Structures are given as structure tokens and as C-alpha cells.
2 protein chains.
Amino acid sequence: MNEMTGDSEQYLKKKTFFDSLLTIYGRKPVLEALQDKNLDIYRLHLADSNRPAGIISDIIREAEARGVEILYHDKKVLSRISRNGKQDQGVAADLRLARQQTLEEFLEQKGGKSFKLVALDRITNPQNLGMIIRSVCAGNADGLLLPRAGCAALSPLVIKASTGTLFKAPLIYCDTLESGLKALEQAGVTCCALSSHANDSLFAFSPKGSVAYVLGNETEGVSDKVFSLCDQKLSIPMNNGVESLNVAITAALIAFHGAS
Amino acid sequence: MNEMTGDSEQYLKKKTFFDSLLTIYGRKPVLEALQDKNLDIYRLHLADSNRPAGIISDIIREAEARGVEILYHDKKVLSRISRNGKQDQGVAADLRLARQQTLEEFLEQKGGKSFKLVALDRITNPQNLGMIIRSVCAGNADGLLLPRAGCAALSPLVIKASTGTLFKAPLIYCDTLESGLKALEQAGVTCCALSSHANDSLFAFSPKGSVAYVLGNETEGVSDKVFSLCDQKLSIPMNNGVESLNVAITAALIAFHGAS
């Protein structure tokens, strides 16, 4: 184990803090977040160029009433904060999500205890991602493993499709799904890829110990590379010659599998 | 029992035949249906006003190749056939759906055998309706009870959201959900309304005999009138303070409940 200097310790503390932030953008989504008393809002970012009228005044008033720090930026800087200059409308906000963590943090927190995760391989449709978040949050899974690369960004569309459950969902981040699956394998977790071609049924599967179920891209399914990192392929048995299910439906069947 | 004259017999035969037809409309949906060899297409309807070029020639060529009868109509008559003059684009087609039947036919066919239905109370979003059809078709339910009144029409949007499974789904029609539930009650079927406020869990429920699960409107849930016609209320237990699930997700959890 490395001994940490005071600087590294501070850096890690800062990194952990920033990892717990979700930056949302757009005038209406930010106003709605400010109006939601259940959300912990860290900072409001506004472009200098916004005219302080209409919904912008509403946003400023709500932030002031809640004691949220307001920072003003050049439009270009704001677009780097929102990471979506085309759609931020000059407004962004950092939310503190208590339940958002990295895979390392999650594994450390669980210690040896068994868990069930749903993991995503290139889910690109915001509507699907939002519905998956909602179902996984409601179901009896311990978290949704979301690679920072490859999936749709957590945009206002995703927040809307999640009906706001994104803010309380147990989201677990990894850099790429490949790195995440390798870390899970090292931790002794059984990784199962869902595939309509698999012979074994999800419903007949009862894992020993911890398990992660991997859902693939809407069109292509799970990639070969990801398959090769999994221990098992599972399918959902379908009647009437139906060839596939919507990925959000599959996520819900997994999330609620074994619920009572 | 009434004795039937030859005329009534013929009328009933005709009625049964027309009940098995689904009229679809729009240039692209009709062309795609004509290209799908699994579909049984009865008639093609075209507006006189269509210019016989581009996709219209493709449609005519496909219909002729398959030996589908083509009828030409005044634009106004066509809009009565399609029941959607605004979106039919001068094109409609009657499909014969072998698996589409009335509730009376379904009950008679089942005799005394147990079955499981999913029934819909005012599902108005075409995207949801299509996803419900897809999941119920794939799951282990015996049919989807669809009232002719109150739900979204089986439009191209619904067909698309069902990814074409609408054509092979076991659809069962009743006039209104109220009349359907009364017929089910008389047949000794246990009718369960899904409600997020119910104490009993779907997952702990094992019905004796036949059962119908009623799903309510996206915003309002199941209506009071429909609740009063049900024997039982069931909920899907949710974690993390999530208050509701998408209705298509709920339909899938029901359709696959008990699958192995």
C-alpha cells in the first residue's frame, strides 16, 4: 500500500466529491431541480449572456431562496461545464447525488456481502436509459453499473424518462464496461450477458453469490468483447415467435427477478 | 337459444370475418406490410387522387405480385376506411389477423381451461400500447384484452412500437372494459387491478383458475368504476421510494410472472 501525502489525500477527497456530482443543464430541467426540495443542489452556473428575465429570474430567485451559490461564466466556459453547449440554454447546475459512486467504492462498501447489479453495454437511446434507471431503482437490484464511455449521457431527456428517479437511483460508475467487468471478475462476481440466442433461461437461473447482468446495445446486443468477459449467457424465453424484447423491459425483468 | 335464419347465419359469418381484419394505413406501413410474407393481406385500398409514382407504384407492384385485390376510392371514402384521413396518405390495407378474436370467441374456445389475460383500462399513449403488445405477446399470458373504446387506436405508431408483433399477438376485443370485466366475472375469472396503493404483492399472488390483470391509464391509473368490478388489488413492491413504474414495464412483469 502506498503511503499518501497530504496532497494526494486532498486530491482523492476532492475527486470523490466531484464524482458524487451530476451536472444537469437546460432552463426548465434546472428550474425543476431547484424546486424539488429532495434534491441537494451544490451550485448554479449561468452564462453572462442570459437576460435576467422570465425563467432566468425564476431560476435565480429559487437559487437565492435555497442559498445555492451562483456562478456566472462566459458562454464558452458554461458549455464546458454543461458538456452540451447546444442545449444548455446558458444554464447548468451541479447536483450532489448521495447514491452515486464508483465501482471501487461500491465493492469496498459491500465488503464480502452478495449483491446484484445490472450493467449496461452501449445503451444509446435516452428514453431506454431513463426507463432502465427507473426500473432498476424500483426493483431489487443493488445498483446500475454505468460506464462513463459508450452509453447515452445523463441528459434532461434521460432525467425525464426516468421520471426523476435518476436522482435517487444507485448509480455505479466505471470507465468502460470492459474495465468494470474485469474488476467484478476479480471480486468473484458472476457476470451474465443477456442474449436472445442463449439456451439458459434467466428465470431458471439462481446465482450463488454476487451477480451482474449485462444488457447490450439496442440494435447489436452485447458486443463480442463483452461476451468474452462474461461467465454465462442467459436469455428470456419468449412465446409466439417474438425475437426480442425492448432493453428497458429486459432490465425490469432482471431487476424484479426474485422479488416477492 | 334462437333459431337462426340463413340471413343471420350469413351476417354472423361476415361479422366474424370483419372482426378478424385490422385496417392499417399510411404509405410506408402499408408497403412494409405488403413486403412481409408472414402477413395475410386481404385488400389494398387506394385514393383515386394518388399519383401512381414513387412509393405508390411500389405498393401497387407488391400488391399485384401477391395477388392482393386493389380497390380505388374517393379520398373521403378512403378516410372512412382508414378512420384517419389526416394520416392515411391515401393508402390503407386490410390485414387478416388469425389470432385476433372477440372475448366471447376466446371464452368459448378456452372452454373450462385456465388462462391468464392482461386487460387495459384507457392506455392512451401509442408507444406504451405498442410496448405492452410486444411484451404480452412474448410473455406467458394467453391474451391481451383490448376494449374497442378508451384505448389508443392500433395506428402505425403502435405497430412500430410493437416492432410488428401486433400482427401475431393474441388480441382479444371487448366493447368497453366494463362489459369485458362483467363477462369475465360471469365466466368465473378472478379480476385483479394493479394499483401502487395496494397492499398485496403481485409476486406473492398465485391465482387459482383463470385470472385477468387490469392495467390503468398512464396518469390516473385504474378508474374507480373498473376497480369496483375487480376482485382484488395488487401492487408491484418498489424500492428506493419510487412511486410508480411505466405501464409497459408493469405489463411485462405481469406477462412474464411465473415464466420459467
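Chain letters run A, B, ... following the sequence lines, proteins first and then strands; every chain starts at 1. The structure presented is a predicted model; accordingly, all values stated were derived computationally and were not measured.
Contact count against chain B (heavy-atom pairs under 4.5 Å) is highest for A:Asn239 among A:Asn239, A:Val242, A:Leu253. No other option in A:Ala251, A:Ala141, A:Pro237, A:Gly164 has as many heavy-atom pairs under 4.5 Å with chain B as A:Pro237.
In this structure the side chain of A:Leu31 reaches within 4.5 angstrom of the side chain of A:Gln35, judged on heavy atoms. At least one side-chain heavy atom of A:Ile133 sits under 4.5 Å from a side-chain heavy atom of A:Leu154. Side-chain contact check for B:Met131 versus A:Met131: some heavy-atom pair is nearer than 4.5 Å. Looking only at side-chain heavy atoms (C-beta outward), B:Arg96 and B:Leu21 come within less than 4.5 Å of each other.
Judged purely by distance below 3.5 Å, without hydrogens or angles, the side chains of A:Thr23 and A:Asp94 pair a donor atom with an acceptor atom.
Judged purely by atom type and a 3.5 angstrom limit, B:Ser135 has no side-chain atom pairing as donor or acceptor with the backbone of B:Ile132. The main-chain N or O of A:Thr102 is found under 3.5 Å from a side-chain atom of A:Glu105 such that the two form a donor-acceptor pair. In this structure a side-chain-to-backbone donor-acceptor pair under 3.5 Å is present from A:Asn240 to B:Cys137.
Heavy-atom minimum distance, A:Ala93 versus A:Ile41: CB-CG2, 4.4 Å.
Atoms SG and CD, from B:Cys192 and B:Gln232 in turn, are 5.0 Å apart once rounded to the nearest 0.5 Å. Within the model, atoms CZ of B:Arg134 and CG of B:Leu129 stand 14.0 Å from one another, a figure rounded to the nearest 0.5 Å. Expressed to the nearest 0.5 Å, how far CD of B:Gln127 lies from NZ of B:Lys160 amounts to 8.5 Å. To the nearest 0.5 Å, atoms OG (B:Ser155) and CG (B:Asn84) are separated by 8.0 Å.
Counting only residues at least two apart or in different chains, ring pair (Phe, Tyr, Trp, His ring centres under 6.0 Å) contacts with residues 23-42 of chain B comprise B:Phe17-B:Tyr42.
With a threshold of 4.5 angstrom between heavy atoms, A:Ser244 approaches chain B through its backbone and through its side chain.
Residue-level contacts of residues 201-222 of chain B with chain A, in order of numbering, are B:Ser201, B:Phe203; threshold 4.5 Å between heavy atoms. For residues 109-125 of chain B, an interface with chain A (any heavy-atom pair closer than 4.5 Å) does not exist. Heavy-atom neighbours of chain A within the stretch residues 165-175 of chain B, taken at a separation under 4.5 angstrom, comprise B:Thr165, B:Lys168, B:Pro170.
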